[in-house]
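Report on the following structure.
Along the sequence shown, residues are numbered consecutively beginning with 1. Both ligands and their constituent atoms are indexed starting at 1 by order of listing. As a basis for the values below, the full set of heavy atoms in this structure was taken, side chains included, without hydrogen atoms, waters or symmetry mates.
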Amino acid sequence: MFENIPKIEKPEFYIDLGIRSAKKYAASIKLREKHRVRRQAELESIKAETFARSVKGNIEKICSAFPSINQLPIFYKELLDAMIGADALRINIARIAGIMKTIEELQQKANTRMKKANDLGEVQKIKSEFYGRSFSITKKAKDAFNFLENARKTIKGFPSIKTKMPTVCICGYPNVGKSTLLSRLTGSTPEIAPYAFTTKQLMVGYIENKIQVIDTPGTFTDNLKKMNWIEKQSYLAIKHLTRKIVFVFDISESCGFTIKQQEELFQQLSRRFRAKQFIIYLSKADLGLENKQEFIEAHKEHRIFDNADELKKVLMEV
Ligand SMILES: Nc1nc2c(ncn2[C@@H]2O[C@H](COP(=O)(O)OP(=O)(O)OP(=O)(O)O)[C@@H](O)[C@H]2O)c(=O)[nH]1
Ligand SMILES: [Mg+2]
């Protein structure tokens, strides 16, 4: 979805490109003007215009490649705000867009002055002033170019999610078997390993191309700002994309976390997302689960599954 933003270079790169393209173009044209001063003035005007067009074109490409924040689905909008800062992105795009405008004005002024230049010294002076000021305002925006390059890298790592498809999120403590369940439900092949924090980005699968299932790891803090990058993504996916949450409990505790710890996360999410429907999945049923009956008694108000196929059937019921 966001892979098309071109790499953003340092300002010097665009200046060099502009100079090269001006030189190249100037070498390819034939001027009819015979008067030495007029001829030189005309040549420099053409070069300045080519330089300005090149810099403007490249900056324009950068500005228009970033997604327009207001048109993004709410999930991506908030993700972008949490990861990059929507205002900061707007400001930095506006800063480099400002360069285009200034260079255009400088070039027009230089052009008008060139037409009136009386000697080669004056032509040289106008030329130096034009490039000097153009370079300086472009280089001054170094931080903005840098910011946008970092933003591009962050955006490129955003998960590819269908924001309009009915979606189910799989939550639960680390190592309880969330990714294994995702794989059983959707046939996708996420990384599964016998240690906590295996999943480091949102994993997505589809049930018959009708239901999107997202593995949303994280134990979440109260504050979005304090969450790590994967937790922010998970949290926003739960908040904006899903009405159904499958909460995975490993009551065998072979995940390394007690039922009590898992219960705390379950209660915390239930409170925070009151309006959503929670379904419980007991993982690792093959391990016996002696305490299953006791657990079911304590969670009478929830539907509980320990078989992925049965859970899948229920998720398919619209
Ligand atoms: N015996 C048994 N082991 C399971 C089952 N499901 C998962 N496991 C094991 O539990 C471990 C963790 O499984 P994952 O699916 O990676 O768990 P996760 O919740 O995605 O873990 P994180 O990504 O670290 O949060 C792996 O060693 C799995 O093989 C199951 O049904 N039975
Ligand atoms: Mg996982």
Side-chain angles (χ1 to χ4, degrees), residues 79 157-161 167-207 211-222 224 226-239 241-242 244-270 272-273 276 278-296 299 302-315:
L79 187 60
F158 282 3
S160 259
I161 278 167
T167 298
V168 176
C169 286
I170 303 177
C171 302
Y173 244 77
N175 213 24
V176 294
K178 296 180 299 298
S179 301
T180 305
L181 177 62
L182 174 74
S183 170
R184 287 184 185 152
L185 291 173
T186 67
S188 68
T189 50
E191 193 187 347
I192 290 166
Y195 45 79
F197 307 106
T198 302
T199 304
K200 292 180 200 70
Q201 54 180 319
L202 294 197
M203 302 308 287
V204 188
Y206 298 90
I207 306 178
I211 294 177
Q212 181 168 240
V213 185
I214 312 179
D215 178 355
T216 45
T219 51
F220 313 108
T221 61
D222 282 331
L224 190 64
K226 285 189 190 150
M227 290 179 200
N228 63 33
W229 137 263
I230 173 76
E231 283 182 315
K232 277 180 192 166
Q233 296 196 3
S234 291
Y235 184 83
L236 292 173
I238 299 167
K239 183 174 170 197
L241 302 173
T242 188
K244 275 191 187 143
I245 295 167
V246 173
F247 193 93
V248 181
F249 271 100
D250 173 1
I251 59 171
S252 77
E253 297 186 341
S254 69
C255 58
F257 301 99
T258 62
I259 298 181
K260 187 162 174 278
Q261 281 174 302
Q262 299 177 50
E263 190 74 54
E264 272 162 20
L265 177 61
F266 179 64
Q267 295 302 339
Q268 181 200 334
L269 287 178
S270 303
R272 206 178 296 184
F273 298 110
K276 304 198 191 265
F278 282 77
I279 300 171
I280 293 175
Y281 175 78
L282 301 181
S283 63
K284 315 188 185 178
D286 55 303
L287 297 183
L289 311 187
E290 295 143 13
N291 46 356
K292 183 169 148 188
Q293 218 39 51
E294 196 186 319
F295 183 90
I296 292 174
H299 295 86
H302 288 100
R303 298 182 81 172
I304 302 177
F305 296 85
D306 62 7
N307 176 304
D309 289 333
E310 279 169 27
L311 173 63
K312 186 165 156 180
K313 261 187 233 148
V314 169
L315 296 178

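Note on ligand 1: M203 sits outside its first shell, no heavy atom being nearer than 4.0 Å.
Aromatic ring centroids of F249 and H299 lie under 6.0 Å apart.
Across all their heavy atoms, I211 and L315 have their closest contact at CD1-O, 3.0 Å. Summarising the geometry of C255 relative to D250, their closest heavy-atom pair is N-OD2, 2.9 Å, with the distance given to 0.1 Å.
Closest to atom 16 (O) of ligand 1 among all protein heavy atoms lies A193 N, 3.3 Å. Here the heavy atom of the protein found nearest to atom 5 (C) of ligand 1 is K284 CG, 3.6 Å. In this structure, the protein non-hydrogen atom closest to atom 18 (P) of ligand 1 is K178 N, 3.5 Å. Among all non-hydrogen protein atoms, the one lying nearest atom 27 (O) of ligand 1 is P194 CA, 3.2 Å. The shortest contact between atom 31 (O) of ligand 1 and any protein heavy atom is with R184 NH1, 3.2 Å. Looking from atom 15 (O) of ligand 1 to the surrounding protein, the closest heavy atom is T180 OG1, 2.6 Å. Of all protein heavy atoms, the one lying nearest to atom 29 (O) of ligand 1 is I192 CG2, 3.9 Å.
Q212 contributes no side-chain N or O that, together with a main-chain N or O of I161, makes up a donor-acceptor pair within less than 3.5 Å. Checking side-chain atoms of T242 against main-chain N and O of I245 turns up no donor-acceptor pair under 3.5 Å. Although no hydrogens or angles enter the test, the distance criterion places no donor-acceptor pair under 3.5 Å between the side chain of T186 and the main chain of I207. With N228 contributing its side chain and E231 its backbone, the two residues share a donor-acceptor pair below 3.5 Å. Using a distance-only test at 3.5 Å, with no hydrogens or angles considered, no donor-acceptor pair links the side chain of S283 to the main chain of V248. Counting only distance, with no hydrogens or angles, the side chain of S183 and the backbone of S179 share no donor-acceptor pair below 3.5 Å. Judged by distance alone, the side chain of Q261 and the main-chain N or O of T258 form a donor-acceptor pair under 3.5 Å.
The proximity of L287 to ligand 1, defined as any non-hydrogen pair under 4.0 Å, is limited to the side chain. Only backbone heavy atoms of A196 (N, CA, C or O) come within less than 4.0 Å of ligand 1; its side chain stays farther off.
Remark: ligand 1 and P174 share no N or O pair separated by less than 3.5 Å (distance only, no angle test). Considering backbone and side-chain atoms alike, S283 places every N or O at 3.5 Å or more from each N or O of ligand 1. Any N or O atom pair closer than 3.5 Å counts here, and T198 shares at least one such pair with ligand 1.
The number of protein N/O/S atoms found under 2.8 Å from the Mg ion (ligand 2) is 2.
Interface atoms of ligand 1 facing Y195, defined by a heavy-atom separation under 4.0 Å, are 24 (O). Of all atoms in ligand 1, numbered sequentially from 1 with element shown, those under 4.0 Å from a heavy atom of F197 are 22 (P), 24 (O). Taking every heavy atom of S179 and a limit of under 4.0 angstrom, the matching atoms of ligand 1 come to 15 (O), 18 (P), 20 (O).
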- [ ] Start with the C-alpha distance between Y195 and F197, add both sets of side-chain angles, then the distance that settles ring-ring contact (aromatic ring centres under 6.0 Å, His included), and finish with yes or no.
- [x] CA-CA 7 Å; Y195 45 79; F197 307 106; 9.8 Å; no
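A perpendicular orientation is assigned to the rings of F278 and F266, their planes being inclined by more than 60° (bins at 30° and 60°).
Nearest to atom 11 (C) of ligand 1 by heavy atom, out of T216, D286, N175, is N175. Nearest-residue assignment for atom 17 (O) of ligand 1 (options P217, G177, A285; heavy-atom criterion): G177.
Evaluation of the side chain to side chain contact (heavy atoms under 4.5 Å, CB included) rule for L287 yields S252, S254, K284 as partners, not counting sequence neighbours.
Between L224 and K232, the closest side-chain pair of non-hydrogen atoms falls below 4.5 Å.
A donor atom on one side chain and an acceptor atom on the other are not found under 3.5 Å apart for E264 and Q268.
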